[in-house]
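Below, all heavy atoms of this structure are taken into account, side chains as well, without hydrogens, waters or symmetry copies. Throughout, a chain's letter reflects where its sequence line sits, starting with A, and its residues are numbered from 1.
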2 protein chains.
Amino acid sequence: MTEYKIALVGFGGVNRALAQLIAERNEDWKNALGFTLKIVGVTDLFLGSLINRQGLDAASLAALPVTKGALANLPGGDAVARTEAVIKDSGADIIAEATFTNPVDGEPATTFCRWALENGQHVVTTNKGPIALHGAALKALAQRNHVAFEYEGSVMSGTPVIRLARQLLAGSSINSFEGILNGTSNFVLTRMENGLGFTEAVEQAQALGYAEADPTADVEGHDVRLKVVILANELLDASLTVSDVRCNGISALTLEDIDQARQNNARWKLIGAATRHADGSVSASVEPRLLGNDHPLSSIGGATNAVSFSSDLIGTVTVSGPGAGRTETAFALLSDIISLHQSAAQGRE
Amino acid sequence: MTEYKIALVGFGGVNRALAQLIAERNEDWKNALGFTLKIVGVTDLFLGSLINRQGLDAASLAALPVTKGALANLPGGDAVARTEAVIKDSGADIIAEATFTNPVDGEPATTFCRWALENGQHVVTTNKGPIALHGAALKALAQRNHVAFEYEGSVMSGTPVIRLARQLLAGSSINSFEGILNGTSNFVLTRMENGLGFTEAVEQAQALGYAEADPTADVEGHDVRLKVVILANELLDASLTVSDVRCNGISALTLEDIDQARQNNARWKLIGAATRHADGSVSASVEPRLLGNDHPLSSIGGATNAVSFSSDLIGTVTVSGPGAGRTETAFALLSDIISLHQSAAQGRE
C-alpha cells in the first residue's frame with residue numbers, strides 16, 4: 001500500500017472538495033485503489049498557507065471558513081500564500097494545482113507546475129491555462145524528471161475524455177473530434193429554445209452559478225477554444241496555439257434563429273472541433289453550428305458537456321457528462337492520481 | 001518489444017477482420033503499442049483448422065474463401081475444426097475466441113475459454129455467452145492461472161464500455177446503468193418513428209444485415225438481457241443469472257404508441273437497466289421505456305448503442321458508439337490485447 005503526500009495549490013471549491021473526499025474516503029481507498037493520500041500543504045492567494053509534513057487534518061481543511069487569511073488561524077498557518085515553500089518544502093509527492101485559469105499566459109499556475117515538475121513531484125491539475133498555453137513544454141519537463149503530469153479535469157471536469165481517447169481508443173487512430181465543451185453557453189442555448197432571450201438566459205445562468213459575473217469567456221467561445229487546443233494537441237498530434245483556432249461565440253444568435261432551427265428539426269450548438277487532414281495539418285474552430293436532431297450532440301442539453309471522437313477502426317464514439325462542478329472536478333484530480341499510481345506500478349517493473 | 005502468438009477460434013467476420021488488421025498494421029503496432037501479433041492457429045466449424053507454430057500469413061487468412069473446409073486448401077490445413085489442438089498445441093499466448101453466442105449454456109465457447117485459461121493462455125473474447133452465463137467461474141479460473149480474461153467486445157463491440165466504467169470511473173462508485181444495447185431493435189424503433197410498420201422495419205433491418213433471419217433475440221430483448229447480466233455482474237457487484245432479469249421486447253409497440261410518444265416530446269426505446277439498492281441487492285430489467293427528448297439516450301438513433309452510468313462522484317456519464325460491425329468488434333479484441341499487454345507490464349514489476 002502506498003501513501004502519497006499531497007500539497008493543494010489553490011484552495012477554492014475543487015481542492016476543498018478533494019480534501020472532503022480525503023476526509024471521508026481515505027480508508028476505503030486503501031483497499032479499492034491501493035493508496036491513501038496525506039495532505040502536507042495547502043496554499044491559496046486569499047486564504048494563506050500551511051505546511052505540516054506529518055499531515056494535516058483533511059476534515060478541518062474542508063471546513064475552513066472562507067475568510068481572508070483563514071489558514072493563519074490553524075496551528076503553524078500563515079495569512080500569506082507561500083506557494084513556493086508549499087510546493088518545494090512540504091515533502092509532497094503530488095501537487096494538486098487548482099488555481100484560476102489565466103487564458104493570457106497561464107500564470108501563475110504554469111510556474112507552479114514547473115516548480116513541482118523540476119522538483120521531481122507529480123502534478124495533477126484541472127487548470128486549462130498551463131496545458132493550452134504551455135502543454136508541450138510541461139509534458140517534456142515531466143518526462144525528463146520521470147514524473148506524471150495529468151490534467152483530465154482541464155476538459156469536462158471529471159468526465160473521462162482525455163484518458164478515454166488516449167488509452168481506451170488506443171489502436172484506433174483519431175482523425176477529428178467535435179464537442180459541446182462549455183456548460184454555460186449550452187445552458188443559455190437550451191433556455192433560449194424555451195423562449196428566453198439571450199440576456200435573460202445569461203442572467204439565469206449567473207443566478208444558478210454556472211456563469212461568471214463577466215460571461216464573455218463562456219458565451220464568446222474563449223473557454224471552448226482553450227479546450228480545443230488541449231484536445232487537438234493531445235489527440236491529433238497538433239501543435240496549435242490559441243490564435244490558430246477560429247472562434248465565434250453564441251451572442252449573435254437570436255430567438256428567430258433558434259426558432260427557425262426548430263422548425264427544421266435542428267438545433268444551434270456551440271461546437272469546438274478539430275480535424276487532422278491528409279497532409280498531417282490540423283484545422284480547428286469554435287462556432288455555433290446547426291445540428292440535425294439525429295446528430296449525437298444535438299440532445300446534449302443544459303449544462304452537460306459532450307465530445308464525439310471519429311477514429312478509423314471504431315468510427316464515432318461520444319462521451320457526455322458533467323463539464324463542471326466541485327466534486328466532479330475533484331474526481332478528475334482523483335482519477336489523475338489513480339492513473340499515476342498505475343503508471344508508477346508499471347514504472348517499477 | 002513483445003511478440004504475442006495468437007490463435008483465432010471461430011473465423012467469421014470478427015476474427016477475419018482481426019487477421020486483416022494484423023496483415024495491415026502489425027509493423028505500426030510495434031512502435032505505437034509495443035507489441036506485434038503472430039497468428040499460429042485458426043479453427044472454425046465451417047472452414048476447418050490450421051496450425052503453424054512458425055506463424056501463418058495474416059493476409060492469406062483474411063482472404064480465405066468462405067467455402068466449407070477451405071482451410072484444408074492451405075499447406076498443413078485440415079477440413080475439420082480441431083479446436084482443442086489449435087488451443088492447446090499451437091503454442092499460442094492468446095486465444096481470440098469469436099464463435100457464435102449460445103444463450104442457453106454458452107457452449108462450446110465456454111469450454112474453449114476454459115481449455116485456454118487452464119492451459120495458462122490469455123483469452124480475449126467478443127462472445128456474450130461465456131461471460132453472461134459463466135463469467136464468475138471463468139474470471140476465477142483466469143486469476144488462478146495468472147492470465148488475462150478480457151471481453152470488452154461482449155457489450156457494444158469495440159465502443160469502450162466495460163473498461164470505461166471499471167478503469168476510468170474507478171473511485172466513483174457506480175450505482176446504476178441504463179442502456180440502448182441492441183442495434184437491431186433501436187433501428188426498428190427509429191424506422192417506426194418514420195412511419196414504417198414493425199414487420200416492414202424488421203425486414204429492412206434484415207435487408208441491411210443488422211437483424212438475423214430469426215430476429216427474436218433482438219426484438220424480444222434476449223440479446224440485451226445477456227448484456228445487462230454482464231454489466232450488472234461486472235460493475236454493480238451483482239451475481240445475476242439470466243432468469244433474474246425481467247424481460248420485455250418491442251414487438252408489442254404499435255405505430256400509434258410511437259406517434260403518441262412523439263406528440264408528448266418523447267420516444268420509446270428498448271432499455272436494459274440495473275440498479276444496486278441500499279441493501280446491496282441488484283434489480284435488473286429489459287423493457288421498452290418512454291424517454292423524454294432531453295434524456296441522454298433519447299437521441300441515440302438507428303443501429304447506434306449507448307449506455308449511461310450513474311455514479312456517486314461524477315454523476316451520469318454516457319458513452320455511445322457502434323454496437324456491432326466486423327472491424328468495430330475486431331477492435332474490441334485489439335483493445336483487450338492492449339489492456340492485457342499493459343497489465344502484463346504491471347505484473348512484471
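With hydrogens and angles disregarded, a donor-acceptor distance shorter than 3.5 Å links the side chain of A:H122 to the backbone of A:A148. Under a 3.5 Å cut-off, the side chain of A:D294 and the backbone N or O of B:S299 do not form any donor-acceptor pair. Checking side-chain atoms of A:N15 against main-chain N and O of A:L8 turns up no donor-acceptor pair under 3.5 Å. Of the possible donor and acceptor atoms, none in the side chain of A:K5 sits under 3.5 Å from a partner among the backbone N and O of A:K38.
The pair A:E193-A:R262 does not count as a salt bridge, with every side-chain nitrogen at least 4.0 angstrom from each carboxylate oxygen. In summary, B:K139 and B:E234 engage in a salt bridge, as defined by a charged side-chain N under 4.0 Å from a carboxylate O.
For chain A, the nearby part of B:T316 is the backbone; its heavy atoms alone come within less than 4.5 Å. Heavy-atom distances place the side chain of A:I338, and not its backbone, under 4.5 Å from chain B. For A:D28, no part sits under 4.5 Å from any heavy atom of chain B, backbone or side chain. Only the side chain of B:L21 comes within less than 4.5 Å of a heavy atom of chain A; its backbone N, CA, C and O stay farther away. For chain A, no part of B:A32 is nearby; none of its heavy atoms comes within less than 4.5 Å. Interface residue B:L334: only side-chain heavy atoms are found under 4.5 Å from chain A. Both the backbone and the side chain of A:S320 come within contact range of chain B, each with at least one heavy atom under 4.5 Å from a heavy atom of that chain. For B:D312, the part lying under 4.5 angstrom from a heavy atom of chain A is the side chain only.
Using the six-membered ring where Trp is involved, A:W29 and A:F35 have ring planes that are tilted, between 30° and 60° apart.
Most heavy-atom pairs under 4.5 Å with chain B, from the set A:A330, A:G321, A:P322, A:G302: that is A:P322. For the options B:G301, B:S335, B:S172, heavy-atom pairs under 4.5 Å to chain A are most numerous at B:S172. With chain B as the partner, the residue from A:V319, A:T318, A:I300 showing the most heavy-atom pairs under 4.5 Å is A:T318. Options B:S298, B:G171, B:G325, B:G315 differ in how many heavy-atom pairs under 4.5 Å they form with chain A, and the most are formed by B:G171.
Using a 3.5 Å distance cut-off with no hydrogens or angles, the side chains of A:N264 and A:Q260 do not pair a donor with an acceptor. For the residue pair B:Y4 and B:H341, a side-chain donor N or O sits within less than 3.5 Å of a side-chain acceptor on the partner. Donor-acceptor pairing under 3.5 Å is recorded for the side chains of A:N182 and A:S185. In this model, a donor atom of one side chain and an acceptor atom of the other lie less than 3.5 Å apart for A:S173 and A:R276.
Contact residues of residues 149-168 of chain B toward chain A are B:S157, B:G158, B:T159, B:P160, B:R163, B:L164, B:Q167, B:L168 (heavy-atom distance under 4.5 Å).
Nearest heavy-atom pair, A:K269 versus A:L291, reported as atom, atom and distance to 0.1 Å: CG-CD1, 3.8 Å.
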